[in-house]
Amino acid sequence: MTNRLWEPSAARVAAANVTAFAGRIAGKYGADVGDYGKLWRWSVDHKPQFWRELWDYAGVLGTPGDRVLADAERMPGATFVPDARLNFARNLLERRPADDDGDALVFWGEDKVRRRVSHAQLHALASRVAAALAAQGIEAGDRVAGYMPNMPETLVAMLGATARGAIWSSSSPDFGIQGVVDRFGQIEPRVLVTVDGYYYNGKVVPILDKVAAIVARLPTVERVVVVPYLAQPGALDVTSVPGAVAWDVWLAPYLPGPIDYVELPFNHPLYILYSSGTTGVPKCIVHGAGGTLLQHLKEHLLHSDVKPGDRVFYFTTCGWMMWNWLASGLAAKATLLLFDGSPFIDRGRVLWELADAEKMTHFGTSAKYIDAQKKIALVPRKDFRLATVHTMLSTGSPLAPESFDYVYQCVKSDLLLASISGGTDIVSCFALGVPTLPVYRGELQCRGLGMDVDVFDESGRPVRGEQGELVCKSPFPAMPVRFWNDPDGAKYRAAYFERFPGIWCHGDWAELTEHDGVIIFGRSDTTLNPGGVRIGTAEIYRQVEQLPEVVESIVIGQDWPPGEVGDVRVVLFVKLAEGLHLDAALTDRIKQTIRVNTTPRHVPAKVVQVNDIPRTKSGKIVEIAVRNVVHGRDVRNLEALANPEALEEYRDRPELKT
């Protein structure tokens, strides 16, 4: 089997936005940017020109000023477009097409709710929210929080808040009380927008009792606005929540009209996002309006080839950065397709039904979703046309090479499959896709334009074809503005710049390939180190989860012998298909599969069956939390987990005593 799974047609390359952008650069600067690699190199070597050209090409609404990059040699400390003035919401609301009646948002709820919001309606609703917030006295820099599903009102509330210059922060309604307080309690919001409940996997989940408990612990909240999702409009009872008002009642005094956008500096705070928080109270990561907008426009327009009228989908909750990424699709003049609920209802078919019914062009999901579809042997190309889908995006964890095969064999053969990688830290990507390059099995196609990404060995030297630390060697606009409650920047510097001073060290274990692509092997803080050799956990998952008996797995390094500092042994926990039990034969087959396809050092010393794999609310498995439990250490923020009860099964396992 060839490793090259897909090649763009000449017509697709010619029509790509990135091709037009490269032509613009060649014409203006006389630069040789005839292929992606050359364009990437130019973008890194000529940062001021690249980011200013992107501003103009994307048609950013605002005044850029004369300077593009100040203190370029400082990292952190460089400042992009320091004299600019802009408003983020204006760039999402005022770049709408001439046909205001076309869809801006299409919403499918698991409960079979179907809603469409036109561009004119979105603008009207956002204008009313901005007016209501102004009447509340909300000003630039105030915080507005959303405890919301991925539904139209969430986007409307964000747009209304950021039109005022307020800072938006959101969490999904499946978070528990402590998890929400741990996040919003740090940033002290004045307004909380929420719902009366949500639907998930066929269940109705009311949350107003949780909302009341949360508000009681958030003394800065002056107003709680409740969107009816379970109740019919007009039938919503919010009397149990102090300071609460129904959405429609809150907006009733304000008529739609022009929005008085507050123009602000490039780095004015836009979003506060949160680290996973499994090792303590989550870090509050502040992202600026200009950097987020420019980076997202680059990724939508140039890397994802979003064109006006495209219909972009990403399966996400409001507690994951992909929601923020998806929202920026409005600035690329796309229609956003929103889904809230379980993606596995209707025998795992609902998202494919959405793709066909709504003429989806970009299908965004997680690696775990693709792997789960493969496990249940769903073959979407047999039952769905998927005629309009030309790009599929995957993130959240490394996409296994076999999952690449599954997509091209069972979903669609003529498709750009873009595995992308970045994170909450940059609310965007370091490595991702591009429509002008081939797709190689198991590889992210390229490093992002303007992102000086490299891989370093232990001594800080660049390596190619070897595993090492993913780094970024020079500044980029989507670096966090700061951490909240970190006045001297000490926590910020410690998070990214201690490993290699003056270099962003992202914490991913990665490799640059001969194709100039990227392979991600997992988080570097969870890499295994048996016998002093570093092993990426994704290498083990790839082998184990091909076995039909294994639903999923999690692997850690256990200090061994216990109580001694030094070596570790590899311990693999497996969740098996229903009704199966781990016996000696299956254990041997698991070990043999790993040994044959990797190296003897990858083979686990212990294989242990568990009933569940603990994960965060955004679906990421939590290797560090499991490792802490195995070693008898506390996991300090169980609220960050979707299933914290699963951790107890890993405590004091007799199999790990010998």
Do the charged groups of [X] and [Y] touch, with an N to O distance under 4.0 Å?
X	Y	result
Lys591	Asp588	no
Asp35	Arg41	no
Glu402	Arg441	yes
Lys575	Glu649	no

Side-chain donor-acceptor pair present, Arg601, Thr599, cut-off under 3.5 Å = no

Donor + acceptor pair across side chains of Ser169, Tyr274 (<3.5 Å) | yes

What about the rings of [X] and [Y], do their centers lie closer together than 6.0 Å?
X	Y	value
Phe430	Phe476	yes
Phe344	Tyr369	yes
Tyr408	Phe404	no

Glu73, CD: over 12 other non-hydrogen atoms inside 6.0 angstrom = yes

What is the distance from atom CD1 of Ile503 to atom CD of Glu498, rounded to the nearest 0.5 Å?
-> 15.0 Å

Evaluate the criterion salt bridge (Lys or Arg N to Asp or Glu O under 4.0 Å) for residue pair Arg542 and Asp371; output intermediate values, then yes/no.
-> CA-CA 10 Å; Arg542 174 190 170 189; Asp371 185 61; over 6 Å; no

